[in-house]
Trainee: 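Please find one structure pasted underneath; my questions will follow.
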Amino acid sequence: EDQVTQSPEALRLQEGESSSLNCSYTVSGLRGLFWYRQDPGKGPEFLFTLYSAGEEKEKERLKATLTKKESFLHITAPKPEDSATYLCAVQGGSQGNLIFGKGTKLSVKP
Amino acid sequence: ETGVTQTPRHLVMGMTNKKSLKCEQHLGHNAMYWYKQSAKKPLELMFVYSLEERVENNSVPSRFSPECPNSSHLFLHLHTLQPEDSALYLCASSQDRASWYGELFFGEGSRLTVL
């Protein structure tokens with residue numbers, strides 16, 4: 001069964017304290033892995049697409065990496081404005097549907 | 001206006017009411033989606049429309065009825081809902097329904113409460 005598991009469920013960091021969020025997946029025929037950011041009361045905002053193992057993408061303090069079994073979202077020197085829920089989704093399987101994880105809620109304290 | 005807009009942002013309805021959620025996208029996209037987001041659960045795909053044709057109905061109860069009159073507008077008609085249907089309903093669009101449709105543009109959602 002296609003599945004996406006994100007960990008940790010919640011993460012509290014001090015401003016400037018770098019860390020990583022994990023997204024592990026099982027899917028037949030991965031077509032793409034996607035990261036989204038969701039602020040409270042808003043819809044998810046697209047961040048990155050990763051297509052193959054070894055690929056990396058960066059945007060400001062965020063860097064996403066992909067292996068054959070998982071993806072990491074590295075946050076370097078986070079700021080309070082990085083506080084949000086980060087969602088991971090994979091596309092694959094026979095129907096090519098997008099399967100979301102439950103998300104990691106990140107809180108960055110000043 | 002730009003992006004994907006949803007109205008209303010908040011809706012409270014009784015179990016016997018009929019209401020509708022509206023979504024409009026200004027991105028020139030060809031595919032539109034309805035998702036349900038409940039607390040502690042992953043986003044659940046409800047319906048997919050591609051070029052105004054429904055291409056997917058993810059085993060959604062008939063009390064939810066989608067309508068896509070054109071490629072820019074999407075509605076979700078609600079009838080005889082249950083309290084467990086209370087959730088955030090998100091509309092999204094993408095360039096098309098081809099293989100790489102994971103890059104979705106979401107609206108801000110309609111928060112639905114069923115009493």
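The sequence lines fix the lettering, A, B, ..., with proteins before strands; numbering per chain opens at 1.
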Trainee: Where does B:Arg9 contact chain A at under 4.5 Å (heavy atoms): side chain, backbone, both or neither?
Mentor: side chain
Trainee: Examine whether an atom of A:Gln38 lies under 4.5 Å from a heavy atom of chain B, and if so say whether it belongs to the side chain, the backbone or both; otherwise answer neither.
Mentor: side chain
Trainee: Side-chain contact test, heavy atoms from C-beta onward, threshold under 4.5 Å: evaluate it for A:Asp82 versus A:Arg37 and give yes or no.
Mentor: yes
Trainee: What part of A:Ile99 gets closer than 4.5 Å to chain B, counting heavy atoms only: side chain, backbone, both or neither?
Mentor: neither
Trainee: Is A:Lys102 paired with A:Glu9 through a side-chain N to carboxylate O contact shorter than 4.0 Å?
Mentor: no
Trainee: Assess, by modelled atom type and distance only, whether the side chains of B:Ser65 and B:His77 contain a donor and an acceptor separated by less than 3.5 Å.
Mentor: no
Trainee: In terms of heavy-atom pairs under 4.5 Å with chain A, which of B:Lys40, B:Arg111, B:Lys41 leads?
Mentor: B:Lys40
Trainee: Here's a test for you: under side-chain contact (heavy atoms from CB on, under 4.5 Å), which of B:Leu74, B:Asn30, B:Thr5, B:Val4 qualifies with B:Gln25?
Mentor: B:Val4
Trainee: Report the option among A:Ala89, A:Gly41, A:Gly103, A:Pro44 that has the most heavy-atom pairs separated by less than 4.5 Å from atoms of chain B.
Mentor: A:Pro44
Trainee: Please check this pair: side chain of A:Thr76 against backbone of A:Ser18, looking for a donor-acceptor N/O pair closer than 3.5 Å.
Mentor: no
Trainee: Please classify the contact between B:Glu44 and chain A as side chain, backbone, both or neither, with a heavy-atom cut-off of under 4.5 Å.
Mentor: neither
Trainee: Side-chain contact test, heavy atoms from C-beta onward, threshold under 4.5 Å: evaluate it for A:Val90 versus A:Leu98 and give yes or no.
Mentor: no
Trainee: Of the backbone (N, CA, C, O) and the side chain (C-beta and beyond), which part of B:Leu43 lies under 4.5 Å from a heavy atom of chain A, both, or neither?
Mentor: both
Trainee: Is A:Glu45 in contact with chain B via its backbone, its side chain, both, or neither, using a 4.5 Å heavy-atom distance?
Mentor: neither
